[in-house]
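First up is the structure itself, then whatever we jot down about it.
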Amino acid sequence: MLTCHESCDSINLDGSSKSSTKDRGTYGHAQKMQASMTYAFGKLCGLGNMHWHESDAGDGTMVGNPSISVEVSLFMCSLRRCKVTLKISEDFAHAITSEILFKLHYHNHLPQNWTVQAYQPGRQKPAGGLGTSKNLECWGGGRVRRLLQAAYTVAFLCMLRFDEVLKIQVHDLCVEKNWVVLYLPFLKTHQNGDIKPFYLWVLPSDEAHICPTRALAAWLCESKLTAGYLFRKVASGDRIAEANSPMSSEQFLELFRNNLLDINIDPAPYGTHSFHRGGCQYLHVERHWNLRICEWGGWSTEFTNMTIVKYLISSNDDPAEPREHFFDPNQRPTIKCQQCGWCCSCA
């Protein structure tokens with residue numbers, strides 16, 4: 001059971017938290033490991049399927065299958081609760097807004113943050129088990145911030161979950177005509193294939209903070225990646241790991257939250273689901289998309305499970321306009337927006 005604990009749990013045996021850079025298996029993976037151990041002890045070792053207990057002889061001898069024990073059952077129940085709690089915290093995370101992305105873009109592009117420095121051992125260590133610098137401002141250098149900007153914009157504008165973003169590979173991107181096309185081989189809403197590509201145009205300069213094409217170009221130009229995973233694990237000294245393995249969701253989340261602290265935003269309410277929900281709200285509120293959101297994100301338009309409502313409306317998000325202003329006669333009148341054609345306050 002120690003192997004299952006080491007692979008899937010987020011807590012070490014001494015009670016400390018595991019490194020954010022270390023991959024952790026799902027609860028389903030833990031169940032498969034338990035089933036394998038039950039088979040190994042029962043069939044290969046000939047211990048059968050009787051639960052693990054002390055023999056009737058009273059000499060302290062234990063008999064039965066060790067993987068079918070009270071201790072293992074308690075561990076599996078506890079692990080499931082932890083995984084469910086983590087999933088709930090992700091689903092109810094605050095949505096990222098275009099305003100926050102603008103602040104992150106501005107801060108990350110400051111010369112002292114965007115410039116790629118020569119490797120110096122002990123500096124610019126990413127948060128987590130790889131070593132955290134005493135100065136929080138040194139959590140990441142120019143390469144890490146380019147990686148984050150590319151991941152932010154792709155997840156936000158394409159409304160992707162971060163387990164989908166971090167598995168994107170270089171060959172999934174293709175430059176065609178005046179845009180970059182993202183071909184995803186996987187998508188939670190399309191588990192049987194038939195995934196439509198995302199056409200990513202170069203947005204105007206005033207929307208550079210949400211432009212994935214600009215961010216991807218900057219990241220690929222610096223990283224020199226030509227194959228393998230696009231967003232790889234980060235090593236110390238602002239270096240990208242040479243091994244072709246994707247960055248874990250835990251490491252990304254910690255880097256993202258450090259980035260939020262840079263702009264004086266409390267990172268606690270935000271998670272890897274924040275971009276998925278934030279992109280949906282941005283396309284609806286600022287771009288004034290209606291059912292086009294479902295077509296772009298590959299969502300069903302039957303609305304039987306109210307998925308899109310869950311992303312558009314949440315008590316966790318800040319209201320777009322204070323309730324007390326709904327009928328305020330002194331509220332600034334809205335005029336027709338030259339960009340979207342709607343009567344709104346963005347003109």
Side-chain angles (χ1 to χ4, degrees), residues 19-21 96 100-157 162 165-173 175 180 182 200 202-203 205 207-265 267 275:
S19 167
S20 62
T21 61
I96 282 293
I100 293 177
L101 287 180
F102 177 82
K103 293 179 180 179
L104 290 172
H105 178 271
Y106 175 80
H107 181 83
N108 289 336
H109 279 75
L110 292 175
Q112 64 269 28
N113 296 326
W114 197 249
T115 304
V116 176
Q117 305 290 345
Y119 173 58
Q120 298 181 19
R123 293 194 61 189
Q124 294 179 338
K125 296 180 179 179
L130 294 178
T132 303
S133 173
K134 294 182 180 179
N135 185 359
L136 183 59
E137 295 180 355
C138 295
W139 62 265
R143 291 191 183 91
V144 174
R145 294 177 190 273
R146 283 172 171 81
L147 181 152
L148 291 176
Q149 283 295 140
Y152 292 165
T153 53
V154 171
F156 185 76
L157 215 59
F162 250 94
V165 173
L166 296 176
K167 293 179 183 177
I168 294 175
Q169 301 197 45
V170 176
H171 66 257
D172 296 328
L173 298 172
V175 179
V180 173
L182 173 60
L200 307 174
V202 179
L203 300 180
S205 57
E207 293 183 322
H209 57 289
I210 58 171
C211 179
T213 305
R214 297 171 185 265
L216 286 169
W219 167 234
L220 289 172
C221 181
E222 176 58 38
S223 65
K224 305 295 191 296
L225 293 175
T226 58
Y229 287 103
L230 184 62
F231 304 112
R232 301 187 183 184
K233 292 183 177 180
V234 177
S236 61
D238 193 35
R239 296 175 300 164
I240 306 302
E242 295 182 1
N244 184 25
S245 56
M247 176 183 288
S248 65
S249 297
E250 291 78 13
Q251 185 181 27
F252 169 81
L253 182 59
E254 194 155 358
L255 293 172
F256 166 51
R257 287 177 171 172
N258 280 340
N259 211 177
L260 288 175
L261 288 174
D262 287 339
I263 57 174
N264 300 317
I265 291 180
F275 293 88

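We use all heavy atoms of the structure for the numbers below, so side chains are in, but hydrogens, waters and symmetry mates are not. Worth saying up front: this structure is predicted, and the values here are computed from it rather than measured. Note that the numbering runs from 1 along the sequence shown for the chain.
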Legend entry - Chi angles and distances behind the side-chain contact (heavy atoms from CB on, under 4.5 Å) call for Asn259, Trp139: CA-CA 9 Å; Asn259 211 177; Trp139 62 265; 3.7 Å; yes
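Here the CG atom belonging to Asn264 is positioned 9.0 Å from the NZ atom belonging to Lys103, to the nearest 0.5 angstrom. Atom CG of residue Leu200 and atom CG of residue Leu216 lie 7.0 Å apart, to the nearest 0.5 angstrom. Interatomic distance, Ser248 OG to Lys233 NZ, rounded to the nearest 0.5 Å: 6.5 Å. Interatomic distance, Gln169 CD to Leu225 CG, rounded to the nearest 0.5 Å: 11.0 Å. Between the NZ atom in Lys167 and the CG atom in Asp172 there is a gap of 12.5 Å [rounded to 0.5 Å]. Rounded to the nearest 0.5 angstrom, Phe156 CZ and Ile96 CD1 are separated by 8.0 Å.
The aromatic rings of Phe275 and Tyr152 sit parallel, their planes meeting at an angle under 30°, below the 60° perpendicular limit. Ring orientation note: the planes of Phe252 and Phe162 are close to parallel, at an angle under 30° on the 30°/60° scale.
Of all the heavy atoms in Ala215 and Ala150, the pair that sits closest is CB-CA, 3.6 Å. The minimum heavy-atom distance between Ala218 and Trp114, with the atom names listed, is CB-CZ2, 4.1 Å. A pairwise comparison of heavy atoms in Leu157 and Pro212 identifies CD2-CD, 3.6 Å as the closest pair. Of all heavy-atom pairs spanning Asn108 and Arg145, the tightest one is OD1-NH1, 2.8 Å. The two residues Leu147 and Arg232 have their closest heavy-atom pair at CD1-O, 3.8 Å.
Checking side-chain atoms of Arg239 against main-chain N and O of Ser236 turns up a donor-acceptor pair under 3.5 Å. Proximity of a side-chain donor or acceptor of Trp219 to a complementary backbone N or O of Leu230 within less than 3.5 Å is detected. Using a distance-only test at 3.5 Å, with no hydrogens or angles considered, a donor-acceptor pair links the side chain of Arg146 to the main chain of Gly142. Remark: the backbone N or O of Val116 is not paired with any side-chain donor or acceptor of Asp238 at under 3.5 angstrom. In terms of modelled atom types and a separation under 3.5 Å, the side chain of Gln251 and the main chain of Val234 share a donor-acceptor contact.
At a threshold of 4.5 Å between non-hydrogen side-chain atoms, the residues Thr115 and Gln117 count as touching. Annotation: side chain of Arg214 is not in contact with side chain of Gln149 (no heavy-atom distance under 4.5 Å). Pro267 places a side-chain heavy atom less than 4.5 Å from the side chain of Leu261. In this structure, Leu173 and Leu220 have side chains that are in contact, with non-hydrogen atoms separated by less than 4.5 Å.
A side-chain contact (heavy atoms from CB on, under 4.5 Å) with Leu104 is found for exactly one of Ile263, Asp262, Leu148, namely Ile263.
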